[in-house]
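Here's the structure we're looking at; comments come further down.
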Amino acid sequence: ASTFTNQTPGGGGFQNGTSPLNAADFNILKVKFVSPTGTPVTTIPATLVPSTPWNELNADRVRTKNVTGMGTSEMGNFPINGLAFDMNIINDTMLLDDIEVWRVSNNSNYGHPMHIHDVSFYILRRDGMPPLAYETGLKDVILLLPGDTVDFITKFEHFINDTIPY
């Protein structure tokens with residue numbers, strides 16, 4: 001069975017006491033092996049691509065995001081900085097090529113995945129400590145369990161227009 005806690009999406013702590021996933025494992029990937037090509041990959045490289053975070057001292061601004069609320073993900077009761085999610089409202093404006101550090105804290109009763117559209121980011125700290133090995137490298141989503149605080153750094157390098165701001 002799944003190892004998600006009751007406070008993690010996919011665990012057993014939803015509104016009616018059960019998860020839509022029923023805390024069960026399920027297949028998500030199928031790997032098919034075929035005959036080797038003329039130039040097969042036979043070893044895993046020691047490094048894949050350079051992975052160097054932007055320098056925190058070069059950050060143009062620091063933003064603080066505080067996730068609060070009591071409830072489950074089914075209820076959608078997880079405001080950020082006191083504001084409920086509204087697809088028709090732009091809460092923050094980023095400037096092209098700016099480097100930003102975000103400090104995101106989860107002060108709710110439930111784990112919450114965090115994602116910023118259009119950019120990847122590097123975790124600088126989780127709960128004041130350097131990231132573990134599996135949290136290094138560019139990320140697209142991080143899971144914040146109740147009580148977690150994560151600082152990450154990103155650069156807004158791609159222009160997005162007013163019609164599709166994400």
In this structure, would V62 and W54 fall into the same cluster of hydrophobic residues linked by side-chain contacts under 4.5 Å? yes
Shared ILVMFWY cluster between Y134 and Y122, side chains joined below 4.5 angstrom? no
Who pairs with V119 by side chain to side chain contact (heavy atoms under 4.5 Å, CB included), at least two apart in sequence or on another chain? I116, T154, F156
Restricting to non-hydrogen atoms, name the atom on E157 and the atom on D97 that form the minimum distance, rounded to 0.1 Å. CA-OD1, 3.8 Å
Set of salt bridge (Lys or Arg N to Asp or Glu O under 4.0 Å) partners for K65, sequence neighbours left out: D92
Which atom pair, heavy atoms only, marks the closest approach of G69 to F78? O-CE2, 4.4 Å
To the nearest 0.5 Å, tell me how far D86 CG sits from N91 CG. 8.0 Å
Taking transitive links into account, so neighbours of neighbours count too, which hydrophobic residues share a cluster with L95 at under 4.5 Å side-chain distance? none
So, taking the atom named CG in L132 and the one named CZ in R126, what distance separates them when rounded to the nearest 0.5 Å? 8.0 Å
Find the distance between CG (D118) and CG (D140) and round it off to the nearest 0.5 Å. 10.5 Å
For side chain to side chain contact (heavy atoms under 4.5 Å, CB included), just list the numbers for I153 and I99, CA-CA rounded to whole Å, side-chain angles, deciding distance to a tenth of an Å, and then say yes or no. CA-CA 7 Å; I153 190 165; I99 295 172; 3.7 Å; yes
Taking every non-hydrogen atom, the tightest pair across G111 and P146: N-CD, 3.7 Å
In terms of heavy-atom contacts, L138 and S120 come closest through CD2-CB, 3.9 Å
Using a 4.5 Å cut-off between side-chain heavy atoms of Ile, Leu, Val, Met, Phe, Trp and Tyr, which other residues end up in the same hydrophobic cluster as I89? none
Note: L143 and D148 closest approach over all heavy atoms is O-OD2, 4.1 Å
Should M114 and V67 be marked as a side chain to side chain contact (heavy atoms under 4.5 Å, CB included) after you check the CA-CA gap, both sets of side-chain angles, and the distance that decides it? CA-CA 10 Å; M114 297 298 297; V67 178; 4.1 Å; yes
If you group Ile, Leu, Val, Met, Phe, Trp and Tyr by side-chain heavy-atom gaps below 4.5 Å, do V104 and M94 land in one group? yes
At what distance, to the nearest 0.5 angstrom, does CG of L124 lie from OG1 of T136? 12.0 Å
Give me the atom names and distance for the closest heavy-atom approach of F152 to I123. CB-CA, 4.0 Å
Kindly say whether D60 contributes a backbone atom to a donor-acceptor pair with the side chain of D98 at under 3.5 angstrom? no
May I ask whether Y110 and I80 are part of the same hydrophobic cluster, defined by side-chain heavy atoms of I, L, V, M, F, W, Y residues being less than 4.5 angstrom apart, directly or through others? yes
With rounding to the nearest 0.5 Å, note down the distance linking CG in D151 to OG in S105. 8.0 Å
Of all residues at least two apart in sequence or in a different chain, which pass the side chain to side chain contact (heavy atoms under 4.5 Å, CB included) check with P40? P36, T37, T42
Output all residues satisfying side-chain hydrogen bond (donor to acceptor under 3.5 Å, both in side chains) with N107, sequence neighbours left out; order by chain, then residue number. N66
